[in-house]
Structures are given as structure tokens and as C-alpha cells.
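Scope of the values below: all heavy atoms of this structure, side chains included, with no hydrogens, waters or symmetry mates. Residue numbers run from 1 in the order of the sequence given.
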Amino acid sequence: MESGNRTSSPVFILLGIFNHSPTHTFLFALVLGIFTVAIMGNSTMVLLIHLDAQLHTPMYFLLSQLSLMDLMLICTTVPRMAFNYLTGRNSISLAGCGAQIFFYVSLLGAECFLLAVMAYDRYVAICYPLRYTILMSQKLCVLLAVASWILGSLDGIIVLAAALSFSYCGSLEIHHFFCDVAGLLPLSCTDTSAFERLLFVCCVVMLILPVSVIVTSYSRVLLAVLHMGSGESRRKAFATCSSHLMVVGLYYGAAMFMYMRPASTHTAEQDKMVSAFYTILTPMLNPLIYSLRNREVSRGLRKFLRRGRLL
């Protein structure tokens with residue numbers, strides 16, 4: 001790109017995902033509905049696990065962290081998208097763009113590592129039930145959760161520092177509904193090939209390594225379940241893991257489709273649709289999956305609602 005048009009403090013234009021046609025207006029209202037359900041569902045999950053003493057176990061502590069991450073993730077993208085759509089002001093400063101990139105990348109990375117920790121927790125619970133409280137102590141559980149947050153934040157800092165170091169010129173239109181680093185790269189005047197290699201390494205660390213832990217953990221779980229003599233024990237073990245496996249499938253399926261394909265196969269519209277799935281729809285589905293398929297959460301929720309009616 002030509003150096004004459006470069007600027008150190010650019011103002012970007014988010015082209016968004018919706019126009020003002022009747023169909024898109026309906027879809028925008030639907031997204032706001034999904035956002036509301038996600039906020040209520042994840043907030044309820046965090047509050048319920050905090051208040052119900054019977055849910056003060058490593059498994060539910062990790063689930064509360066997942067709900068908190070989902071809550072922050074959807075709040076990183078949807079409010080800004082709604083503001084831009086309703087006001088028609090699609091501009092965003094470099095600082096605002098950087099904030100979105102940091103929280104988005106950090107939360108995605110933290111969720112990747114947290115899902116691996118949750119898989120390890122289920123592996124220990126099913127394969128070593130008598131030693132579970134020792135192998136998965138409350139202290140270790142907190143340390144693993146904190147490590148997930150820190151590793152995700154480090155990834156966010158690396159990506160943010162690189163994105164802010166570039167100069168931008170020419171058209172500053174981002175073909176997305178939020179600031180994604182992949183959308184910024186084509187706008188840069190500087191050579192981004194080294195950063196793209198770094199980004200690929202980060203994606204490998206964030207996706208492949210946690211997936212390896214998840215696959216290994218559930219392979220061991222499957223072998224242990226197959227050797228269980230009681231059919232009732234097998235059903236309980238599968239019920240314990242099924243919710244987590246559904247969440248893993250939703251999350252990693254969309255993330256791998258987005259980031260592990262060759263760049264030549266990407267289109268702006270396709271990327272926006274996939275991003276909308278795992279940044280808007282998945283945070284809504286996660287609390288529904290866990291509340292509907294988990295007896296302890298359902299019981300705690302009913303008790304919580306009864307207590308609310310009595311107040």
C-alpha cells in the first residue's frame with residue numbers, strides 16, 4: 001500500500017452485519033433477544049453456583065467461570081453492534097478497536113483452556129472417584145481457573161500489541177460487526193507476514209493443545225465407562241459428561257471452522273456468520289444446556305426460584 005495515506009490514529013468503520021431492511025430489522029431484534037437470554041442465563045448460573053452450597057464443587061466452580069467468560073464475551077461485541085445499528089454511527093477509534101480485540105481474544109483463549117480443565121476434571125471424577133477430592137482439590141481447581149484467565153490474557157496482550165504497532169492506510173472499512181484482528185490485517189500499510197505466522201502459532205496453542213487434552217481425557221473416560229459393570233453407572237457417567245461434550249462441540253466446531261481453514265477459502269460474509277454463532281449464540285446455549293441436562297443445577301434453580309417467590 002502507499003505510505004502517503006497512512007495514519008497513526010485511524011478511525012475505523014465497522015460495516016456491520018445488518019442493514020435496515022425488514023428482514024434484517026427482524027434479525028437484529030432476534031439478536032437482541034438472544035443477547036438478553038444469554039445475559040440472564042449466564043448471570044443466573046454464576047449467582048446460583050455462588051449461593052447454593054451444594055454446588056460448591058470443582059465442577060460447578062469451573063462452570064461458573066465458563067458462564068462469566070460467556071457473559072463478558074457477548075458484552076464485548078453485541079452492545080457496540082446494537083449502538084452502531086441504532087444510531088447509524090459505525091466509526092470506532094483505534095483505542096476502542098484495541099479494547100475489543102483484547103477482550104475478544106483473551107476470552108476466547110481463556111475459554112479454550114478452561115474447557116480443557118473441565119475435561120480433566122471429568123476424567124479425574126470418573127476414572128479416580130475415590131481420589132477425586134485429592135487430585136482435584138479446591139486449591140488446584142482455583143489455580144487452573146486462574147491459569148486459564150492468565151493464558152488467555154497473555155494471548156490477548158500479544159495480539160493487541162502487534163495490532164497497535166501497525167500503521168493503517170487506504171480504506172479503513174472493517175467488514176465485520178466488531179473489531180477482529182483478521183479484519184485489520186488487510187488495512188495495514190506494513191508487512192504483516194511475521195504477525196500472521198505468530199497468529200497461526202497462537203491459534204495452534206489455543207485450539208490444538210486444549211483439544212488434545214480434551215480428546216485424551218474423554219478417551220480415558222470412555223474406556224473407564226466401557227469397563228463399568230453396572231448399566232446405571234454407565235448412564236450416570238455419560239450424563240455427567242454429555243453437557244460438557246455438547247459445549248465443546250459447539251465451541252471448537254465453530255472456532256476450528258473459522259481459524260483452521262486456508263485464508264483463500266474465507267469470505268467476509270461467511271466469517272461474520274460464523275463469528276456471530278460462537279460469540280452470540282453459543283453464550284446463550286451454554287447455560288441452557290447445563291441447566292436442562294444437569295439435575296443438580298435444575299434442582300438448585302427450582303430452589304432458588306421458590307425462595308424468590310417466598311420473599
Checklist entry - What about the rings of Phe12 and Tyr168, do their centers lie closer together than 6.0 Å? => result yes
Item to check | ILVMFWY network linking Ile157 to Leu108, side-chain heavy atoms under 4.5 angstrom | outcome: yes
Item to check | Euclidean distance, Leu245 CG relative to Met118 CE, rounded to 0.5 Å | outcome: 10.5 Å
Checklist entry - So do the side chains of Gln138 and Thr133 get within less than 4.5 Å of each other, counting heavy atoms only? => result no
Item to check | Cluster overlap Phe18 with Val78, hydrophobic side-chain contacts below 4.5 Å | outcome: yes
Checklist entry - Would you call the rings of His176 and Phe178 parallel, tilted or perpendicular, where under 30° means parallel and over 60° means perpendicular? => result tilted
Next on the checklist: Hydrophobic cluster membership, with links at side-chain heavy-atom distances under 4.5 Å among I/L/V/M/F/W/Y: are Leu62 and Leu51 in one?
Outcome noted: yes
Next on the checklist: Rounded to the nearest 0.5 Å, what separates atom CG in Leu288 from atom CE in Met246?
Outcome noted: 10.5 Å
Checklist outcome for this item: Residues pairing under ring pair (Phe, Tyr, Trp, His ring centres under 6.0 Å) where one sits in residues 106-131, two or more places apart or in two chains, turn out to be Tyr123-Tyr128
Checklist entry - Given the rule in the side chain to side chain contact (heavy atoms under 4.5 Å, CB included) test, do Leu184 and Ile101 qualify, once you have shown the distances and angles that lead to the verdict? => result CA-CA 10 Å; Leu184 287 181; Ile101 289 174; 3.3 Å; yes
Item to check | side chain to side chain contact (heavy atoms under 4.5 Å, CB included) assessment of Val213 paired with Leu209 | outcome: CA-CA 6 Å; Val213 173; Leu209 292 184; 6.0 Å; no
Next on the checklist: Testing Ser148, Pro210, Pro58 one by one against Val117 for a side-chain contact (heavy atoms from CB on, under 4.5 Å), which residue passes?
Outcome noted: Ser148
Next on the checklist: Just so I know, are the side chains of Phe177 and Asn90 near enough to count as touching, which here means a heavy-atom distance under 4.5 Å?
Outcome noted: no
Item to check | Exam field: side chain Asn42 to backbone Pro283, donor-acceptor pair closer than 3.5 Å | outcome: yes
Next on the checklist: Return the CZ to CZ distance between Phe83 and Arg89, rounded to the nearest 0.5 Å.
Outcome noted: 4.5 Å
Checklist entry - Under the ring pair (Phe, Tyr, Trp, His ring centres under 6.0 Å) rule, what pairs show up with a residue in residues 132-164, not counting sequence neighbours? => result none
Checklist entry - Which atom names give the shortest non-hydrogen contact between Ser21 and Asn19, and what distance separates them? => result OG-OD1, 2.7 Å
Checklist entry - How about Leu172 and Ile13: do any of their side-chain heavy atoms sit closer than 4.5 Å? => result no
Checklist entry - What is the distance from atom OH of Tyr60 to atom CG of Asp52, rounded to the nearest 0.5 Å? => result 9.5 Å
Item to check | side chain to side chain contact (heavy atoms under 4.5 Å, CB included) between Leu14 and Met81, worked out | outcome: CA-CA 9 Å; Leu14 293 171; Met81 180 194 71; over 6 Å; no
Item to check | Test item: Met59 and Arg122 side chains (from C-beta on) under 4.5 Å apart, heavy atoms | outcome: yes
Checklist entry - Mind checking whether Leu15 and Ile174 have side chains closer than 4.5 Å, heavy atoms only? => result no
Next on the checklist: Between Ile74 and Ile39, is there a side-chain heavy-atom distance shorter than 4.5 Å?
Outcome noted: yes
Next on the checklist: Measuring from atom SG of Cys112 to atom CG of Leu107, what distance do you get when rounded to the nearest 0.5 angstrom?
Outcome noted: 11.0 Å
Checklist entry - Quick one: does Val142's side chain get under 4.5 Å of Phe61's, heavy atoms only? => result yes
Next on the checklist: Just so I know, are the side chains of Ile92 and Val11 near enough to count as touching, which here means a heavy-atom distance under 4.5 Å?
Outcome noted: no
Checklist entry - Is there a path from Ile289 to Met40 through hydrophobic residues (I, L, V, M, F, W, Y) whose side chains come within less than 4.5 Å of each other? => result no
Next on the checklist: Working to the nearest 0.5 angstrom, can you tell me the gap between Leu68 CG and Leu63 CG?
Outcome noted: 11.5 Å
Checklist entry - Does Leu222 share a hydrophobic cluster with Val211, counting links as ILVMFWY side-chain heavy atoms below 4.5 Å and allowing steps through other members? => result yes
Checklist outcome for this item: Minimal heavy-atom distance between Val46 and Ser64, with the atoms involved, is CG2-O, 3.6 Å
Checklist entry - Which pair of heavy atoms, one from Thr76 and one from Tyr104, lies closest together, and at what distance? => result CG2-N, 4.1 Å
Next on the checklist: For a quick test of reading the model, state the closest non-hydrogen atom pair linking Ala38 to Leu71 and the distance between them.
Outcome noted: O-CD1, 4.4 Å
Checklist entry - Given the side-chain rings of His20 and Tyr85, with only the six-membered ring counted for Trp, is the space between their centroids under 6.0 Å? => result yes
Next on the checklist: For the backbone of Ile49 and the side chain of His56, can you confirm whether one donor and one acceptor N or O come within less than 3.5 Å of each other?
Outcome noted: yes
Next on the checklist: Quick check against the 3.5 Å criterion: does Ser106 have a side-chain atom that pairs as donor or acceptor with the backbone of Phe103?
Outcome noted: no
Checklist entry - When you look at NE2 of His50, are more than 12 heavy atoms from neighbouring residues, nucleotides or ligands closer to it than 6.0 Å? => result no
Checklist outcome for this item: Correct closest heavy-atom pair for Val124 and Leu135 would be CG1-CB, 3.7 Å
Next on the checklist: For a quick check under 3.5 Å, do Asn286 and Asp70 share a side-chain donor-acceptor pair by atom type?
Outcome noted: yes
Item to check | Enclosure of Arg80 CZ (heavy-atom neighbours >12, cutoff 6.0 Å) | outcome: yes
Checklist entry - Which pair of heavy atoms, one from Ala162 and one from Ser165, lies closest together, and at what distance? => result O-OG, 2.6 Å
Next on the checklist: When you measure from the side chain of Glu111 to the backbone of Leu66, do you find a donor-acceptor pair of N or O atoms at a distance under 3.5 Å?
Outcome noted: no
